[in-house]
Protein chains: 2
Amino acid sequence: MSAAASPSPAGRETILAAAAELFAAKGFAGVSVREVAERAGVSKANVFHHFSSKDTLYLAVLRSAVTRFEALLDDYAGERDGFEVRLRGISRDHLQNILANEGVSRLIIREVLESDVHRGQELTERVLGDGFNRLVEVIREGRSRGELRGGVDPVLVASLMVAANVHFFQSRSVMRALSGVAYADDPESYSTQVMDILLNGIASR
Amino acid sequence: MSAAASPSPAGRETILAAAAELFAAKGFAGVSVREVAERAGVSKANVFHHFSSKDTLYLAVLRSAVTRFEALLDDYAGERDGFEVRLRGISRDHLQNILANEGVSRLIIREVLESDVHRGQELTERVLGDGFNRLVEVIREGRSRGELRGGVDPVLVASLMVAANVHFFQSRSVMRALSGVAYADDPESYSTQVMDILLNGIASR
DNA sequence: GTCTATAGATTGATAGAC
DNA sequence: GTCTATCAATCTATAGAC
């Protein structure tokens, strides 16, 4: 099974992988479609066959990170774990995902930070919305089983989980320099402590 | 009275204000020192008299946001309020501060996100460290009075407070497009709900 | 030194053959 | 699905006027 002759199936994925590396390293403006095509070993026109525009390709790269997150949620979809164990696992793996894909994570954060109203809507609809809503759903499910204190908004809880992990990622360089930040190089420990507080903060009774 | 003849006192502040506007609008690379001098109505040499380099001036602009935060902490330094009321007030005003100074807030976030180890240390020492440590101190004080659950790290709590507010600011454009985000345009309500969870999560017993 | 004009290269995107 | 050929628009860099 040499990879020499696989015409179509890998095509799109190859382009996506090449684009991810390049965009992560040089940003949207710093990369040309020709460059992506060359690295992927296809023609420029082929890139436009799979992705209707450079921006669509870019959003697809960002979306790939969310797809990884959704895959992670699937891993915890089973009935076997309790609410707390599930949320802890999701948060831990989410942070692990962010750290394992630094380049794309940074792209998403930059894009969100810099986006105006219109771009924000685009990012929500085409990149972030589904993943976030699925996380909210997990929490809503917990609420319907009486695991949550009354008055706690599942959307806000999901937002806090994301905020904590994004913050860990984006301020690591500063945290490391702060004295007394024990968890700066230990995402596992960080995630555990954050969820200790969060779960204790939202638990019923 | 008239502002016509105030040679030195306002000088530094005028330059700082001019630089803040320009950096916020065009970023570090997009602004020349000559430009700053012109807007401030002083000579370029005067700028270098007050700030030893363009980067020092830039860091001073970032630091001005932290100075505002420290002033805010002073407002809550009195003995009159309880621990919870104090933390709630600090968080609310902190978010208000971030939103009222969008440009500089964005600069800081960008700078932190993009910084490597060395720049992270610089940002910590010359911009962010003092403010953050003072927030940690407030929480430590609460702990020493038995307001915190055992095992809760004050540094992590401070980090979570910052994370929540930064996240609100930087993902507003996305939150607005998400269905069911009630607090997207209501920082007061957001802050209240976040602190509901956080305080409940860290409270003793 | 500063501005304007312009030549040349490169960009994102499309058309049409295979 | 993939290619070659080609489009108009934009960017880069330089030449020359002031």
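Atoms considered below: every heavy atom in the structure, side chains included; atoms not considered: hydrogens, waters and symmetry mates. Chain A is the first sequence line, chain B the second, and so forth, proteins listed ahead of strands; every chain is numbered from 1.
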**Asked** Which pairs count as ring-ring contact (aromatic ring centres under 6.0 Å, His included) when at least one residue sits in residues 78-113 of chain A, sequence neighbours excluded?
**Response** A:Phe69-A:His94
**Complete:** residues 150-192 of chain A vs ring-ring contact (aromatic ring centres under 6.0 Å, His included), sequence neighbours excluded, gives A:Phe168-A:Tyr190, A:Tyr183-A:Tyr190
Under 3.5 Å, which donor-acceptor pairs link side chains of residues 19-34 of chain B to any protein atom two or more places apart or in another chain?
{"from": "B:Glu21", "atom 1": "OE1", "to": "B:Arg39", "atom 2": "NH1", "distance (Å)": "2.4"}
{"from": "B:Lys26", "atom 1": "NZ", "to": "B:Glu35", "atom 2": "OE2", "distance (Å)": "2.1"}
{"from": "B:Ser32", "atom 1": "OG", "to": "B:Glu35", "atom 2": "N", "distance (Å)": "3.2"}
{"from": "B:Arg34", "atom 1": "NH1", "to": "B:Glu38", "atom 2": "OE2", "distance (Å)": "2.9"}

**Prompt:** Heavy-atom contacts under 4.0 Å between residues 16-24 of chain A and DNA chain C, which residues?
**Reply:** none
**Message:** Using the salt bridge (Lys or Arg N to Asp or Glu O under 4.0 Å) criterion, which residues pair with B:Glu122? Sequence neighbours excluded.
**Reply:** B:Arg119, B:Arg126
**Asked** Reading nucleotides 11-18 of chain C 5' to 3', which nucleotides get B (base under 4.0 Å from a protein heavy atom), which S (sugar-phosphate only), which -?
**Response** SBBBB---
**Message:** Looking at D:dC3, I'd like to know if its phosphate oxygens (OP1 or OP2) sit under 4.0 Å from a side-chain N or O belonging to A:Asn46.
**Reply:** yes
**Polar side chain donor-acceptor pair, A:Ser189 to A:Gln193, under 3.5 angstrom** = yes
**Complete:** By side-chain contact (heavy atoms from CB on, under 4.5 Å), A:Arg88 pairs with (sequence neighbours left out) A:Glu84, A:Thr192, A:Met195, A:Asp196, A:Leu199
**Fill in**
Applying side-chain hydrogen bond (donor to acceptor under 3.5 Å, both in side chains) to A:Asp93 and not counting sequence neighbours gives A:Tyr76
Distance-only criterion, 3.5 Å: show the donor-acceptor pairs between side-chain atoms of residues 95-103 of chain B and protein atoms not counting sequence neighbours.
{"from": "B:Asn101", "atom 1": "ND2", "to": "B:Asn97", "atom 2": "O", "distance (Å)": "2.9"}
{"from": "B:Glu102", "atom 1": "OE1", "to": "B:Arg106", "atom 2": "NH2", "distance (Å)": "3.0"}

